[in-house]
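Presented below is the structure to which this report refers.
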Amino acid sequence: MSDPRVAPHVTQWQATARERICRAQDELATAAARGEGGREALRLYADAMDEVVEQLYAHASIGSASERPDPIASSEWVGVFALGGYGRRQLWLHSDVDLLVVFADPIGAAGQRFLQAFFNPLWDLGLTVGHHVRELKDASASIEDNPEFLLALTDARAVAGSAALLDRFAHANDGRAAARTLSALKSLIEERHARFNDTLYQLEPDVKDAPGGLRDLFAAFTVARLSDPTLLGQGGAGLKALHDAEEFLFRVRSILHLESKRNANVLTHELQERAAERLGYPGATARQRVERLMSAYFRHARAVDRSLRWVLRASPLPIGTNLVQGPDGVRFVDVGDAANRPDTWLALFDAAVDRGAPVAGEALAMVAEHAPRFSPETFLPTAAHRAALVAFLTPRPGLYARLSEMHDCGLLGQLFPEFKAITSRVVRDFYHKYTVDEHTLLTIRNIERLLDPASPRRRFAPILGELDAPQLLVLALLYHDVGKWRDDDHHIESCRMAQQMISRLELSDDAGAMVEFLVLHHLKMSLAAFRRDTEDPEVVRQFADIVGVEERLKMLCLMTLADVEAVSPESLTNWKEELLWRLYVDTYNRLTLSYGDEVIDERESRVDEIIAGRPADLAADETRRFLEGLPRRYLRLFARQDVYHHVRLARDVGANGIGAWIQPKAEAVELTVLTRDRPYLFSNISGLLSSYGMDILRGFAFTKPDGLVLDMFAFHDAERFLELNPGSDEQLLRAVEDAIVGRLDVDKRLRGREEGAFRRALPRMAPVVHCDNDSSRRYTIVEIVADDAHGLLYRMSRTMSELGCEVDLVLIATEGRRAVDVFHLTREAQKLTAAQQEELTATLQRVLEGRS
Amino acid sequence: MKLIKAIVRPNKVEDVKSALEKLQISGMTITEVRGHGKQKGHTAIYRGQEYNVSLLPKMEIEVVVHDAMVEETIRAMIGAARTGEIGDGRVFVVPVTETYRIRTGEREVV
């Protein structure tokens with residue numbers, strides 16, 4: 001039953017459309033009958049079909065307009081696209097009219113109305129319509145699941161409605177779409193050829209599907225378009241032969257449709273005679289004419305076959321959006337398009353690093369030619385682009401080589417304008433052997449070389465693997481000497497220039513502070529290691545004060561190593577390397593083992609700053625009392641706002657009170673707990689987190705002399721518990737409280753999970769348990785290095801508590817697959833005796849090896 | 001003439017150089033060396049595992065001076081390199097009987 005709202009339009013429209021289509025079909029039939037149903041005739045028919053589709057779209061849109069939620073955006077809500085042969089403007093008399101309809105939003109009632117009003121009249125016209133209807137959000141799934149659809153999309157063409165939706169639909173998947181398309185195409189070619197016994201010499205060939213037929217012709221063009229558009233001109237039968245073959249096959253197929261009055265594509269013996277006649281092949285007899293036709297057919301089919309084989313053999317591998325890898329390296333498929341899209345250039349170099357390949361000369365030349373045309377911000381227009389640039393700097397093999405290419409072609413200076421200041425800069429001194437820019441890039445090569453298992457500096461390599469954000473180290477190295485464009489105090493100028501970059505790239509506060517620190521202090525470690533007496537504990541203490549925390553120490557150590565080694569081939573002697581290593585170890589030990597003895601001195605300037613900047617609801621005395629007795633390390637770990645938050649929570653913590661909160665951060669979730677000390681406190685919290693599947697990455701525990709405990713755990717929500725369960729923050733916080741006061745049996749909760757974990761992961765390295773009674777005046781320090789495992793922290797801390805130890809301070813770190821945990825313990829307010837240490841070590845070893 | 005070899009802490013090299021320059025001694029050879037005397041190094045611990053640091057980094061400074069300058073040179077070296085702690089180093093005095101100038105092959109008997 002027709003819809004009264006659309007019927008008047010459709011009735012009128014149908015008559016016009018039918019007339020238009022019939023006229024176009026007559027014209028194509030006439031051309032086919034004359035043997036002239038080639039590309040021009042097919043295009044005219046496709047154009048007529050476009051007109052019909054456009055008109056129909058307009059009518060269907062009017063009919064559904066009143067039901068659409070946002071009429072203002074009506075032009076963007078749906079798009080109609082031609083696929084396959086119709087997309088290529090090659091429409092035969094009885095070809096399917098393949099259409100894709102894409103909706104920007106869920107289809108809804110208005111969409112249903114539109115589809116009905118659009119497709120019904122098309123079917124009424126007697127056309128065979130192949131239709132695909134998709135919502136934009138389903139783009140990835142529909143592309144993943146259907147190789148033929150993926151292939152059809154390569155010829156998609158906007159006919160009506162929002163043309164932009166096609167781009168959004170086709171690019172909804174990642175840059176591997178081209179690779180997947182090629183892979184799908186190759187599979188389809190193999191299957192199809194197998195049906196024809198892999199030979200083109202068929203007595204009654206299918207001009208569409210047989211080897212050497214139209215599908216092979218389109219396949220050759222598609223492979224070239226996706227990988228290298230110039231490929232068909234470089235080998236195979238050559239472009240002219242291919243175009244001749246195309247015209248021939250088009251005309252033959254047009255005759256087949258005309259003669260058979262359906263979508264028939266087999267050139268049967270009978271139809272060979274008709275085709276030979278219509279195409280005007282000479283000969284006194286039908287047989288002679290057919291022989292000439294078939295001779296021409298096989299010649300053209302061979303040309304198609306040769307070209308297809310050539311492109312399949314020679315085509316570079318698609319590796320990303322508009323990117324391929326060929327023998328000469330990684331390059332753009334469409335250089336012209338890339339030349340106007342500087343925001344895609346970083347992906348070129350990133351793909352090259354990932355593939356371990358150079359960037360092809362042609363691509364480098366394009367970047368070099370066009371880079372000066374663009375302002376720096378056009379290279380990094382979005383936050384995602386800026387994040388990608390920072391991520392690109394992650395140390396990996398090939399990074400130095402690609403950065404050098406970027407520098408040579410002018411891209412590095414566009415991405416990091418401050419770097420231009422040191423291009424080819426010569427600074428004369430007794431040590432440096434290279435220009436400042438090359439010295440800088442060599443530092444990055446030195447970091448990269450640490451990844452080589454045969455690196456002569458291999459004892460430093462694990463430090464690189466332990467860094468949370470190694471890309472920031474490379475970023476700091478890029479900027480450490482940019483201030484050398486001036487002749488004095490280059491580290492200060494470098495830092496100023498780095499601040500510009502930090503602001504431009506919108507780095508997080510933590511990341512920005514790390515880069516600033518490294519650039520400003522990049523000379524400090526070499527000064528201490530090579531010019532000071534590192535046997536002197538005071539020198540180590542002063543240096544430890546500068547770095548503050550382990551992550552900065554590790555970064556600065558690697559930065560110094562790379563910087564010294566990049567001065568000249570002889571600059572980093574084994575002797576200097578040894579000095580640097582010893583300073584690193586001594587400082588690391590000081591930061592992790594001795595910090596418990598250094599409590600906050602109320603006279604230090606940072607305390608004054610915190611008190612002066614406190615919000616109105618906090619009293620000076622209250623803030624001062626809270627800080628009193630905490631290790632000085634606390635001040636290095638927490639920002640002022642965090643401190644104020646802690647003070648407020650401490651206010652609310654009564655004799656049995658518990659203050660806890662969860663804070664999502666960029667790469668981890670943080671749980672902070674403030675409460676009074678009690679037995680098994682630390683192990684219960686860590687065990688509870690593990691029982692929820694949380695992977696504890698790092699953390700701290702501080703105990704004040706008055707018994708107030710501050711624990712902080714940073715964890716990865718591996719099973720997405722918090723994300724998938726609304727209100728789960730509160731649930732977890734309640735469970736933390738229950739675990740602390742003993743209302744919840746953590747051991748029981750964790751047992752099943754731990755058993756599974758033990759079965760899955762056997763220890764790969766022997767755990768190390770080391771007791772140290774010398775490094776701290778107040779504590780026995782237990783340092784544990786073991787393969788990370790679920791519930792590991794719980795098992796260790798519980799063992800300590802079971803043996804009567806009080807866990808006062810803890811540093812938790814997960815470095816790759818290793819857990820490095822340091823516990824500061826006492827037993828009955830004293831350091832552990834030798835016998836107690838022995839018992840603890842043996843018990844922990846058994847627990848860590850899963851023997852108890 | 002005497003060859004004076006001083007093994008000093010790395011951070012004392014600049015001090016020793018300055019002290020020698022004040023005595024108008026500007027020709028010297030400085031080498032990075034490793035070793036130990038009575039100090040004998042120690043065992044360091046990194047992440048619970050021990051490693052040996054028995055060979056300590058030191059700097060060796062060599063100068064050749066006339067006999068008349070020997071005492072003064074030694075005093076200057078010791079004065080500049082001393083901290084009073086174990087590991088300050090050592091000074092050796094070796095007689096030099098003849099020297100050769102490599103560029104010309106010229107022999108000098110002293």
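Just so we're on the same page: letters track the sequence lines, and every chain starts at 1.
Around atom NZ of B:Lys17, no more than 12 heavy atoms belonging to other residues, nucleotides or ligands sit under 6.0 Å away. Around atom CZ of B:Arg34, more than 12 heavy atoms belonging to other residues, nucleotides or ligands sit under 6.0 Å away. Residue A:Arg541 qualifies as enclosed at atom CZ: its count of foreign heavy atoms under 6.0 Å is above 12. B:Glu21 CD: more than 12 foreign heavy atoms inside a 6.0 Å radius.
Across all non-hydrogen atoms, the minimal contact from A:Arg582 to B:Leu56 is NH1-CD2, 3.3 Å. The two residues B:Lys58 and A:Trp575 make their nearest non-hydrogen contact at O-NE1, 3.0 Å.
Going from atom CZ of A:Arg531 over to atom NZ of B:Lys12 covers 14.0 Å, rounded to the nearest 0.5 Å.
In terms of heavy-atom pairs under 4.5 angstrom with chain B, the leader among A:Thr573, A:Asp536, A:Val769 is A:Thr573.
Proximity to chain A (any heavy atom under 4.5 Å) is shown, for B:Val13, by neither the backbone nor the side chain. Only the side chain of A:Asn589 has a heavy atom closer than 4.5 Å to any heavy atom of chain B.
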